[in-house]
Peer 1: 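Encoded as C-alpha cells, here's the structure I'll be asking about.
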Amino acid sequence: MNRYLSILIIAVAMIMTANTGESQTCRVSAGRSMDGMANYIEVYEYDFVTDKPSFPGGDRLLLSYINKTRSYPEQAYKKGIQGKVVCSFVVNRDGSISHVRVLRGVEPSLNREAVRVLKGMPLWNPGRLDGTAVPVRVVRTVAFRK
C-alpha cells in the first residue's frame, strides 16, 4: 500500500510542476563545424511562447503569399503528383526566417519548391517570451493541388 501511495504522490507532484509556465525549447540542426561536429541552436517551440510569431497581416496573407509565390514543378504537375509538404522553420529574433526543413515531404521537386517559397518569406513579427523577442520554431504546410 505504501508503494502505491508513493507513486501517487510522485505523479501528483509531476503534474503540478509540469505546467509552471516555463517555456519549452528544442534543438534545431545548424549544420556542422569545421571539425565535423554537429551544431545546434536552441529555439522555443511555437506553443510555449507568450506571443506567437506571425506573418505580417496574419495567416490569410501568409496563404496568399504562398499561393502567389509557389510554382508547381512542371514534371510533378504533368504526372499528377500532389500533396502537402510539411516544413519547419525558425523565426529569428529579428523576424528573419532560417533553418527551413522538410518534415514530411511529397516528392523531391515539390519539397524543394516548398523550401524555396518559405526561405523567401518577408520578415515576420517575431515571437516573444515575456516581452523579449526569442527565436521560435514554426511548422507550416505548403499545398500542391492540381
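Predicted model only: the values in this text are computed from it and were never measured.
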Peer 1: Decide whether Val142 and Leu61 are clustered together by the hydrophobic rule: side chain heavy atoms of Ile, Leu, Val, Met, Phe, Trp, Tyr closer than 4.5 Å, transitively.
Peer 2: yes
Peer 1: Could you state whether Tyr46 and Leu129 fall into the same hydrophobic cluster, counting links through intermediate Ile, Leu, Val, Met, Phe, Trp or Tyr residues with side-chain heavy atoms under 4.5 angstrom apart?
Peer 2: yes
Peer 1: With side chain to side chain contact (heavy atoms under 4.5 Å, CB included) as the test, would you mind laying out the steps for Arg145 and Tyr72 before giving the verdict?
Peer 2: CA-CA 9 Å; Arg145 293 189 273 310; Tyr72 212 122; 5.6 Å; no
Peer 1: When you measure from the centre of the six-membered ring of Tyr77, is the NZ or CZ of Lys146 closer than 6.0 Å and no more than 45° off the axis?
Peer 2: yes
Peer 1: Kindly compute the distance separating NZ (Lys119) from SG (Cys87), expressed to the nearest 0.5 Å.
Peer 2: 10.5 Å
Peer 1: Please check this pair: side chain of Ser54 against backbone of Gly58, looking for a donor-acceptor N/O pair closer than 3.5 Å.
Peer 2: no
Peer 1: If the condition is side-chain contact (heavy atoms from CB on, under 4.5 Å), which residues does Val117 pass it with, not counting sequence neighbours?
Peer 2: Tyr65, Ile66, Thr69, Arg70, Glu113
Peer 1: Does a side-chain heavy-atom distance below 4.5 Å link Arg101 with Val86?
Peer 2: no
Peer 1: For Met34, give me all partners under side-chain contact (heavy atoms from CB on, under 4.5 Å), at least two apart in sequence or on another chain.
Peer 2: none
Peer 1: Report yes or no: does Asn92 contribute a side-chain atom to a donor-acceptor pair with the main-chain N or O of Asp94 at less than 3.5 Å?
Peer 2: no
Peer 1: The test is side chain to side chain contact (heavy atoms under 4.5 Å, CB included); show your working for Val138 and Phe55 and say whether it passes.
Peer 2: CA-CA 11 Å; Val138 176; Phe55 187 83; over 6 Å; no
Peer 1: Check Val106 against Gly83 and note the closest heavy-atom contact, atom names and distance.
Peer 2: CG2-C, 3.8 Å
Peer 1: Could you walk me through whether Leu118 and Met121 pass the side chain to side chain contact (heavy atoms under 4.5 Å, CB included) check?
Peer 2: CA-CA 5 Å; Leu118 295 177; Met121 288 189 293; 3.9 Å; yes
Peer 1: Do Leu110 and Pro73 come within less than 4.5 Å of each other through their side chains, counting heavy atoms only?
Peer 2: yes
Peer 1: Shortest non-hydrogen contact from Gly95 to Pro126?
Peer 2: N-CB, 4.2 Å
Peer 1: Is it the case that atom CZ in Arg116 sees more than 12 heavy atoms from other parts of the structure closer than 6.0 Å?
Peer 2: yes
Peer 1: Looking at every heavy atom in both Arg128 and Val49, which two are closest together, and how far apart are they?
Peer 2: O-CB, 3.6 Å
Peer 1: Nearest 0.5 angstrom please: Lys52 NZ to Asn125 CG, how far?
Peer 2: 14.5 Å
Peer 1: Are the side chains of Leu62 and Arg140 in touch, meaning some heavy atoms are under 4.5 Å apart?
Peer 2: yes
Peer 1: Considering non-hydrogen atoms only, spot the tightest contact between Pro122 and Ile97 and give its length.
Peer 2: O-CG1, 4.5 Å
Peer 1: What heavy-atom pair brings Arg32 and Ala38 nearest, and what distance separates the two atoms?
Peer 2: NH1-N, 3.4 Å
Peer 1: Donor-acceptor pair, Thr141 side chain versus Lys84 backbone, under 3.5 Å?
Peer 2: no
Peer 1: Which heavy atom of Gly105 sits nearest to which heavy atom of Asn111, and what is that distance?
Peer 2: CA-OD1, 3.2 Å
Peer 1: Within the 4.5 Å heavy-atom criterion, are Val115 and Arg112 side-chain neighbours or not?
Peer 2: no
Peer 1: Only counting residues at least two apart or in another chain, list the ones meeting salt bridge (Lys or Arg N to Asp or Glu O under 4.0 Å) with Glu107.
Peer 2: none
